[in-house]
Protein chains: 2
Amino acid sequence: MENFEFHNPTKILFGKGQVSNLKKEIPAYGKRILLLYGGGSIKKIGLYDKVISELKEIGTHIIELGGVEPNPRLTTVNQGISLIRENQLDFILAVGGGSVIDCAKAIAAGVPYDGDVWDIVTGKAKASSNSVPIGTVITIAGTGSEMNGNSVITNWETNTKAFFNSNHVLPRFSILDPEITFSVPLDQTIYGTVDIMAHIFEQYFHASSNAPLQEKIGEAILRTVIETAPKLVNDLNNYEYREVMLLNGTLALNGLTGMGVSPDWATHLIEHAVSAVHDIPHGGGIAIIAPHWMEHVAATRPEKVAQLGVRVFDLDRTGKTDAQLAAEAIQSLRKFWTSIGAPTKLSDYGIDDKEIELMTERSMLADQIGNYVPLTKEDVRKILRNSL
Amino acid sequence: MENFEFHNPTKILFGKGQVSNLKKEIPAYGKRILLLYGGGSIKKIGLYDKVISELKEIGTHIIELGGVEPNPRLTTVNQGISLIRENQLDFILAVGGGSVIDCAKAIAAGVPYDGDVWDIVTGKAKASSNSVPIGTVITIAGTGSEMNGNSVITNWETNTKAFFNSNHVLPRFSILDPEITFSVPLDQTIYGTVDIMAHIFEQYFHASSNAPLQEKIGEAILRTVIETAPKLVNDLNNYEYREVMLLNGTLALNGLTGMGVSPDWATHLIEHAVSAVHDIPHGGGIAIIAPHWMEHVAATRPEKVAQLGVRVFDLDRTGKTDAQLAAEAIQSLRKFWTSIGAPTKLSDYGIDDKEIELMTERSMLADQIGNYVPLTKEDVRKILRNSL
């Protein structure tokens, strides 16, 4: 392991009816609130009304910003910053999925910053301890954003997706009610499943040594997802499956399996480049790219892919080389994702080879990306071509 | 799962040389410090000098309280409370194992309380948000006290061990340097190993439903302990083994595997009664009692013990009943603990049947104890007799 600091003070309120704790949690942070949400599904399922009634009960002043996009945009972040400054708001309540929460984090960090918030998103400046406090009501399993300091934002002027991480924008509390996730449609449920697994992969394929516990916890999460997701996609209103997936999503990216290791994140970087050029769902992009990334990795370092196959997909090691096991592991992963209905080719989204160069370009935040097996531009181009 | 709240804001600083961060972490809490430690081993290994030099560098005023007992005593807690009140101290730095940290927590909670601190330890009163802030430098893997709000205190006047839990006494930060644990002798290393496993058992054998992820994470910790401990007991100065065991201990009892489930804790309650009557090491007592507790449980509910056998001890399920698997699982556990040198009988500590009644009496904090299989007084008497 490498030396590490772990500090995750987000308070999790998990279970049925936890929204009714909003009136207990919010008063510590102030009376003037930015209510942030997405495309309006929270209105359809009655969550919006519940939240508003909670907020009114404690006499808050509410300014709303709805319509946050699935890949949240810098323009929306700037709108939120202006609303908070103009109305002197104290607190952001983000009600939605990862996009809404990620957007809240960028707004939170941007408010006390004098320059362009894009500086913070791209790492040129740091989020400060004066960032506006955030609370969340999460509506989908997968993102992990409800218990981490990560935020991914898209700048459509430059077709660039960038991300930052800061403990200063960690949600102060997050409400996780499995019943709220009943309304997540099949496709989004599939994307969330893929995203959870990919979050584990990015940390599992780390560039450090001696992290058996972190790896075994990652495997525990993967096995739980693999057990639960096939049942869930056939029974979307099942509380028991929804609660397990919701907890999977939170624990997959709250720092737990990343303790003391250098994660990879290449698959996410490539997917971010794809969905910054074509506005496709993040989990869909990941499902397509991850197996090709894993094949590239297995060509030079098959041992960890083989370990994944044995420990997560129950492959029999007898008489097989790591390379053979790795190939079987990737086949098992593909089979599993296909079985729950995940997409397999970028062409499913109408993406063809005309934009390979632009997507490759956008992936390369440095000369090489990734850690477990660092990727050159040529490697990324190849992975993207194989994904078409 | 049951509805739950999870909020663990302890900052973990893990790795070599992290003691040098004391000077960064402490100033937020004040300049006047109670330095709490145990029997003086921290002086032998040079840790005391390092800590003092850190504290002097930031100009703190230090009052020392050394000699905290392995089963920390109410009298010592009261001494600490007096020292803080008389000297108007702001912060407690606990340098030691679980006993020192548990003692710090009781002191922290007792300072702002008007009555007898024993009221808080026994649950008659609650720790308040005015509890004195605590930081820790942990010297042994096993307790988990460095990242939870638990505290176990012994009242020798009444031969009673009691415990409380409060988020108000959670350490603000804990320093976990595996090198510091090199000096833990073989017997304490064994007791720590047993304690970590028992902490998982107490949560694994919960009385709730649908917690597959929590159980799998528990199994991940158990498997990691079973892989690592046999190597560690033969190579006490091995950094890689020590770091893995240290992380195992912290994650085994920081709330992670207990999310949304009602834990059991009967084994701990019985052991606390034993070591409140005879001052034996906690981990030693647990190693003796836990297998007998598990046998009692397997007689009526073998299925989870069988699951433990299959998933943690790699038992082959083919053609076996749960009862058979459970018996094999308990045998595997015994074999493992014996292999690393854990004690197996209370008579090893010179305890005989004369005190069975007193120990039984002291175990029964209620008419029944435990959750997975609630134990009557008669059950506890039987488990203790079998443990002789």
Side-chain angles (χ1 to χ4, degrees), chain A residues 1-18 21 25 147 167 170 172-178 209-225 227-228 238-241 243-252 254-257 259-260 311, chain B residues 1-18 21 25 147 167 170 172-178 209-225 227-228 238-241 243-252 254-257 259-260 311:
Chain A
M1 282 181 229
E2 298 163 31
N3 278 12
F4 68 89
E5 189 179 305
F6 178 85
H7 186 212
N8 193 329
T10 299
K11 184 197 281 191
I12 295 296
L13 299 142
F14 192 103
K16 263 179 222 189
Q18 292 282 15
N21 280 316
E25 296 298 328
M147 200 185 183
N167 254 27
L170 266 174
R172 305 302 175 98
F173 66 82
S174 282
I175 288 177
L176 283 71
D177 178 346
S209 62
N210 199 42
L213 179 58
Q214 297 89 323
E215 290 171 17
K216 283 188 178 66
I217 293 177
E219 292 156 3
I221 296 174
L222 290 170
R223 290 187 73 98
T224 309
V225 171
E227 257 176 37
T228 310
N238 184 299
Y239 187 86
E240 296 212 330
Y241 306 154
E243 72 176 344
V244 171
M245 288 304 283
L246 196 50
L247 191 58
N248 277 332
T250 303
L251 296 188
N254 73 344
L256 177 63
T257 73
M259 288 179 175
R311 296 197 191 162
Chain B
M1 281 183 232
E2 298 162 32
N3 277 11
F4 68 89
E5 190 179 306
F6 177 85
H7 185 213
N8 192 328
T10 300
K11 185 198 279 192
I12 296 294
L13 299 142
F14 192 102
K16 263 179 221 188
Q18 293 281 15
N21 280 316
E25 296 299 328
M147 200 182 182
N167 254 27
L170 266 175
R172 304 303 175 99
F173 66 81
S174 282
I175 288 177
L176 284 71
D177 178 345
S209 63
N210 200 41
L213 179 58
Q214 298 89 322
E215 290 172 17
K216 284 189 177 64
I217 292 176
E219 292 156 2
I221 296 174
L222 290 170
R223 291 187 73 97
T224 309
V225 171
E227 256 176 37
T228 310
N238 184 300
Y239 186 87
E240 296 210 332
Y241 305 154
E243 71 176 348
V244 171
M245 288 304 283
L246 195 50
L247 191 58
N248 277 331
T250 303
L251 296 188
N254 73 344
L256 177 63
T257 73
M259 287 178 177
R311 296 196 192 165

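Below, chains carry the letters A, B, ... as their sequence lines are ordered, and counting in each starts from 1.
No part of A:E215 comes within reach of chain B, as not one of its non-hydrogen atoms sits under 4.5 angstrom from that chain. For chain B, the nearby part of A:Y239 is the side chain; its heavy atoms alone come within less than 4.5 Å. The parts of B:N248 that come within reach of chain A are both its backbone and its side chain, each placing non-hydrogen atoms under 4.5 angstrom from that chain. Of the atoms belonging to A:L176, not a single heavy atom falls under 4.5 Å from chain B.
One finds the CG atom of A:N8 at 9.0 Å from the CG atom of B:N8 (value rounded to the nearest 0.5 Å). In this structure, CG on B:L222 lies 11.5 Å from NZ on A:K216, to the nearest 0.5 angstrom. Distance CZ/B:F4 to CG/A:L247: 5.0 Å, rounded to 0.5 Å.
Under the 4.5 Å side-chain criterion, counting only non-hydrogen atoms from C-beta, B:I217 is in contact with A:L251.
Listed here is the closest heavy atom pair of A:A220 and B:L213: O-CD1, 4.0 Å. Heavy-atom minimum distance, A:N3 versus B:G15: OD1-CA, 3.0 Å.
Side-chain atoms of A:E240 never come within 3.5 Å of backbone atoms of B:N210 as a donor-acceptor pair (strictly under, hydrogens ignored). Of the possible polar contacts, one joining the B:H7 side chain to the A:P9 backbone as a donor-acceptor pair under 3.5 Å is found.
With sequence neighbours excluded, no residue satisfies salt bridge (Lys or Arg N to Asp or Glu O under 4.0 Å) with B:E2.
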Can you list the steps and then say if B:R223 with A:E219 is a salt bridge (charged side-chain N to carboxylate O under 4.0 Å, His left out)?
CA-CA 12 Å; B:R223 291 187 73 97; A:E219 292 156 3; over 6 Å; no
